[in-house]
Amino acid sequence: MRRYDFIIAGGGMAGLSLAYYLNQSVLRNKSILIIDKEEKKTNDRTWCFWERGERNPFEAIVHRKWQVVDFYEPTFSAQLNLGEYWYKMIRGIDFYTYVMNDLLQNENIQFVNQTIHRITNTPQGAFVIAGDEATTYIADYVFDSTYALKLTDPNRHNLLQHFKGWEIETQKPVFDTNRATLMDFRVFQDNDSRFFYILPLSTTRALVEFTLFSDKLLPPEEYVGQLKHYIQHTLGLAEYEIRHEEFGVIPMSDERTPERIGKRIIRIGTAGGYTKASTGYTFVRTQRYTQEIVSNLLTIGKPLKKRSWFRRRHRLYDSILLNVLANHRYPGSEVFARLFRRNEPAQVLAFLDEDTTFREELNIMSTVPLGEFTVAALDVFRKRVLSLI
């Protein structure tokens, strides 16, 4: 049994991000173990996000970025200039390679490819049991991104963001590389929130993705059928080659996701509530929160410090929107159309990124359907009270 200062359980985006920031600080001298069931050697996903300027520590591996995006909905369509924001795309393989090249230069960081069976708090530290031979590891702190959320609380809201995308290539130039499509709701909604987005990689190549907010997955053939129909009838492309495809499911949930489990286990990533419940975006929030962990370790000697209740107000906003969508109080396509029609695009992105003042938030919330959102808010408060009884 080997003792470490820190164990990172799960070597995905959250775990590697935390390891990267630890390695950029004086904490690089601590002993760090990263446990994951497999090495990250494939382009298994794409992360998209928006941010102001070029503040991202991983700007060097941004694959593409756009400052103008298209929005389509039957009642409102526009080219949205994002102002000081950029909409960016990072490929999974580029992220893994970049971070691993950095971490492998530090002999204090070790890697183990094993399946994690159990993580337990004890007075001596946090124990991780992993591998076929049930090897035991112990650390002062374990940062766990492997915990699977239950998503079963009847007094909370649990939707899924699920998507299938094709990276397609055409013979002739058809894509405008200066503009991405952020949301295209011009598809049959079927009582869900359904849209496509398009990320042009060149004039002949683009990632086309079909995305849904709903409470259950579709049969595999339906994703394929929707992609084929959209590419042929909306994009007008009869001939193309599929060069890469991806499929993913992201929880959109306002269930409680406590970061601290006992004294020694800290959940990170989706397991720690890093996924934005109302949008499913995770990348920027993961960078923000993992950097906070490192900052807290350096300044107060602990990974977490108490957040003020006022900073948690965005969770309430998320719950209200999820209530509207889950109970079909107002079409999701029209909610987003109203937001972008009545507000500056940069202000909407700042709001969704939890980077606004309370006064700005009130102004933005005044542009959504007040009746439906008021009913949703009352229902959210009712459920919160019931959960306390």
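This one's a predicted model, so the numbers in the text were calculated from it and none came from an experiment. As a basis for the values below, the full set of heavy atoms in this structure was taken, side chains included, without hydrogen atoms, waters or symmetry mates.
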Parallel, tilted or perpendicular: which fits the ring planes of Phe58 and Phe95, with parallel below 30° and perpendicular above 60°?
perpendicular
Measure up the Tyr281 and Tyr87 rings against each other and bin them: parallel (under 30°), tilted (30 to 60°), perpendicular (over 60°).
perpendicular
Check whether more than 12 heavy atoms from other residues, nucleotides or ligands sit under 6.0 Å from atom [atom1] of [X], and answer yes or no.
X	atom1	value
Glu360	CD	yes
Phe247	CZ	yes
Glu221	CD	yes

Residues two or more places apart in sequence or in another chain: which of them pass side-chain contact (heavy atoms from CB on, under 4.5 Å) with Thr152?
Lys150
Think Arg313 forms a cation-pi with Phe310, using NZ or CZ under 6.0 Å from the six-ring centre and within 45 degrees of its axis?
yes
Answer yes or no on whether Arg285 is positioned over the face of Phe283, meaning its NZ or CZ is under 6.0 Å from the six-membered ring centre and within 45° of the axis.
no
Using 4.0 Å as the upper bound for N to carboxylate O, is an ion pair formed by [Y] and [X]?
X	Y	answer
Lys263	Asp140	no
Arg45	Glu246	no
Glu209	Lys164	no
Asp94	Arg91	yes
Lys276	Glu354	yes
Arg243	Glu167	no
Glu73	Arg341	no

From the options Tyr274, Trp47, Phe49, select the one residue that forms a side chain to side chain contact (heavy atoms under 4.5 Å, CB included) with Val284.
Phe49
Given the rule in the side chain to side chain contact (heavy atoms under 4.5 Å, CB included) test, do Val249 and Leu160 qualify, once you have shown the distances and angles that lead to the verdict?
CA-CA 7 Å; Val249 182; Leu160 299 172; 4.0 Å; yes
Would Arg267 and Glu259 count as a salt bridge (Lys or Arg N to Asp or Glu O under 4.0 Å) if you check the C-alpha gap in whole Å, the side-chain angles of each, and the deciding distance to 0.1 Å?
CA-CA 5 Å; Arg267 289 180 180 158; Glu259 292 177 85; over 6 Å; no
Those residues that, when tested against Asp192, pass side chain to side chain donor-acceptor pair (under 3.5 Å) (two or more places apart)
Arg194
I'd like to know if the side chain of Asn108 and the backbone of Arg28 have a donor-acceptor N/O pair within less than 3.5 Å.
yes
Could you tell me whether a side-chain N or O of Tyr223 sits under 3.5 Å from a main-chain N or O of Leu218, the two making a donor and an acceptor?
yes
Could you walk me through whether His157 and Lys383 pass side chain to side chain contact (heavy atoms under 4.5 Å, CB included), step by step?
CA-CA 10 Å; His157 307 88; Lys383 291 181 176 180; 3.6 Å; yes
For Leu321 and Phe373, run side chain to side chain contact (heavy atoms under 4.5 Å, CB included): C-alpha distance rounded to whole Å, both residues' side-chain angles, the deciding distance at 0.1 Å, then the answer.
CA-CA 7 Å; Leu321 178 57; Phe373 272 72; 3.9 Å; yes
Applying ring-ring contact (aromatic ring centres under 6.0 Å, His included) between Phe195 and each of Phe336, Tyr230, Phe213, report the one that passes.
Phe213
In terms of hydrophobic clusters joined by side-chain contacts under 4.5 Å, are Val348 and Trp86 together?
no
Determine, using the 4.5 Å side-chain heavy-atom cutoff (strictly less than), whether Ile265 and Ile129 are members of one ILVMFWY cluster.
no
Pair Leu82, Leu349 - check side chain to side chain contact (heavy atoms under 4.5 Å, CB included), show working.
CA-CA 8 Å; Leu82 304 184; Leu349 297 185; 3.9 Å; yes
Does any non-hydrogen side-chain atom of Leu103 lie less than 4.5 Å from one of Ile34?
yes
Test Asp379 against Arg382 for salt bridge (Lys or Arg N to Asp or Glu O under 4.0 Å), laying out the working first.
CA-CA 5 Å; Asp379 193 34; Arg382 179 185 66 83; 2.7 Å; yes
